[in-house]
Amino acid sequence: MADQLTVIVLAAGGGTRMKSKTPKVLHRVAGRSMVGHVLHAVSATKPGCVCTVVGHQREVVGPHVTELLPDGVLAVQEEQLGTGHAVRVALDALTAADRMPEAGTVLIAYGDTPLLQGDTLRDFAAQHEAAQAAVSILSGIVAEPFGYGRVVRDDDGEVLAIVEEKDATVEQREITEINSGILAFDAAFLIDAIKRIGNANAKGEYYLTDSVQLAREAGLTVAAHPIDDVWQTEGANDRAQLASLGREMNRRIVDRWMRDGVTVMDPATTWIESDVQLSPDVTILPGTHLLGATVVGEDAVIGPDTTLQDCEIGEGARVVRTHAQLAVVDARANVGPFSYLRPGTHLGADGKIGAFVETKNARIGAGAKVPHLSYVGDAEIGEGTNIGAGTIFANYDGVEKHRTKVGRHARTGSNNTFVAPVEIGDGASTGGGTVVRRNVPPGALAVSSGLQRNIPGWAQSRRSGTPQADAAAAAASGAEPDDTAAD
Ligand code: UD1
Ligand code: CA
């Protein structure tokens, strides 16, 4: 491999068929922008320099590209006059940045081909260099070549030209070998050829593909290497293609994890984004979406019907029918079913967040449990503590948020309200229905509801004639219940 590999990524086009206010190359597939995927693949080739050509909505695309590749070069193509013009603009920008290659290989790629792999680019550049070609074409044999530039070969199979759809003869349109768009150039040849490309064609555009004919006329070598995996060079022009590329990418990601030892019960309903990290013997049940920078440890079981965005799940944890974002669940902890973990949730090892529990900014210690029907916001719960069913951590006074701290091995009753800021000490208890407004010292029992008062015979006197009163009267007389009236 030559020491000087320069990559030019073309991303100036409008993408009108997306019918979107978002530029085409910023549409996401598997959690990354399309151009993000391409730059990822490009970076894997360890290029000397990457130049991205932006134009349409460059005020959005430019910063996105710079964020992903801070030391790349950005070239601005004010008007999209064709791929040849785009590359000329790129070479000008490289010159201005004093990063113009004098020798070596220049690879051209497009910003909308998310399935492209680094290996493919690397192998293609190596083939190009081995053949000492002036231009190499990464071609593809496709069933429906309509719209693509066709690779025209002579009887000996030598590549003569690339002819665009609109300029092709009826015979040339029958050719099924197409230009994927990915080209490799000898740098010196490209610098010379780019100046000589004209726009006398059906579209009135500067075609980069005209360089093939220029090389042939100069007696230089041109090669075309068909790629087997044509998905890799496929671009998304509309939302339907975006979905189909997304589905294929997901299929590949899920497949890779299964080969790495992850059990996926239903690959068709499992969605795993590019940056997710899984461990061997993780089990993923149907309807699960693992998004962003989510990491899952060994033997954890996730799903069914669970979405985890940017979450960290420890070894052997179980997360069932849960929606979670920016949450950490430590080893062997249990979450769900029907739990909602919001940012800043940290559940300690062996802990539990149970059914219909919502948490936010909550540190729940090792072995601590919030099993049922609760809201835990801005809270710290010590190890081994049990929070009673239906407890609300009232963290918001209508103006500001406050924290609640519950100590270690506390036992709080059902249907409590903890009015923050408040502290419940280590080993403390609270009775059912307690509204905790003042701190509870360690070991104390807090009760806040008044003493219970019973008014005897109330049903008989105030609800007379109702089944309630009849039942009460029967109980008072010791008679057997008579339920026939209800039938
Ligand atoms: C191009 C190729 C064609 C190939 C096809 C593969 C040429 C002349 N034709 O055709 O042989 O089969 O791609 O998809 O090269 N772009 C710019 N600036 C421009 C024009 C285009 O940055 O001025 C970018 C676009 O954003 C896009 C890529 O270059 O990412 C291809 O441009 P497009 O207009 O889609 O080319 P095609 O007509 O599809
Ligand atoms: Ca195209």
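Read the numbers this way: they start at 1 and go in the same order the structure lists the ligands and their atoms.
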>> Run Arg342 and Glu358 through salt bridge (Lys or Arg N to Asp or Glu O under 4.0 Å) and show every step you take.
In response: CA-CA 7 Å; Arg342 294 166 57 198; Glu358 174 180 340; 2.6 Å; yes
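- Ile302 is not listed as a side-chain neighbour of Leu285, based on a closest heavy-atom distance of 4.5 Å or more.
- Look at Ser180 and you'll find a heavy atom under 4.0 Å from some atom of ligand 1.
- Of the polar atoms of Gly82, at least one N or O is found under 3.5 Å from an N or O of ligand 1, judged by distance alone.
- Under the 4.0 angstrom criterion for non-hydrogen atoms, His85 is not in contact with ligand 1.
- Of the charged side-chain nitrogens involved, at least one lies within less than 4.0 Å of a carboxylate oxygen, so that Arg321 and Asp305 count as a salt-bridged pair.
- Counting the atoms of ligand 1 from 1 in the order shown, those under 4.0 Å from a heavy atom of Leu81 are 23 (O).
- For ligand 1, none of its N or O atoms has an N or O atom of Tyr148 under 3.5 Å away.
- Near Ala11, the atoms of ligand 1 lying under 4.0 angstrom from a non-hydrogen atom of the residue are 22 (O).
- A donor-acceptor contact closer than 3.5 angstrom is absent between the side chains of His27 and Asp112.
- Note on ring orientation: taking the six-membered ring where Trp is involved, the planes of Phe124 and His128 are tilted (angle from 30° to 60°).
- Between Glu79 and ligand 1, no N or O atom pair is found at a separation short of 3.5 Å.
- Which parts of ligand 1 touch Lys203 is read off a 4.0 Å heavy-atom cut-off, strictly below it: atoms 38 (O).
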Donor-acceptor contacts, no H, no angles, side chain residues 61-77, under 3.5 Å, sequence neighbours left out:
unit_1: His64; atom_1: NE2; unit_2: Ser33; atom_2: OG; d: 2.7
unit_1: Thr66; atom_1: OG1; unit_2: Gly62; atom_2: O; d: 3.0
unit_1: Gln77; atom_1: NE2; unit_2: His85; atom_2: ND1; d: 2.9

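- Not a single heavy atom of Ile178 sits less than 4.0 Å from an atom of ligand 1.
- Residue Gly13 approaches ligand 1 through these ligand atoms, each under 4.0 Å from one of its heavy atoms: 22 (O), 25 (C), 26 (O).
- Remark: the backbone N or O of His346 is not paired with any side-chain donor or acceptor of Arg363 at under 3.5 angstrom.
- Proximity of a side-chain donor or acceptor of Thr322 to a complementary backbone N or O of Val319 within less than 3.5 Å is not detected.
- Residue contact check: Thr209 has heavy atoms under 4.0 Å from atoms 7 (C), 8 (C), 11 (O), 15 (O) of ligand 1.
- In this structure, the side chain of Thr169 engages the main chain of Gln172 through a donor-acceptor pair within 3.5 Å.
- Annotation: Ala86 places no N or O atom under 3.5 Å from an N or O atom of ligand 1; distance criterion only.
- Annotation: cation-pi pair Arg88/Tyr206 present, NZ/CZ under 6.0 Å from the ring centroid and within 45° of its normal.
- Looking at Val53 against ligand 1, nothing comes within 4.0 Å, counting heavy atoms.
- Contacts of Glu164 with ligand 1, taken as heavy-atom pairs under 4.0 Å, involve the side chain alone.
- At under 3.5 Å, not a single nitrogen or oxygen of Gly181, backbone or side chain, sits near a nitrogen or oxygen of ligand 1.
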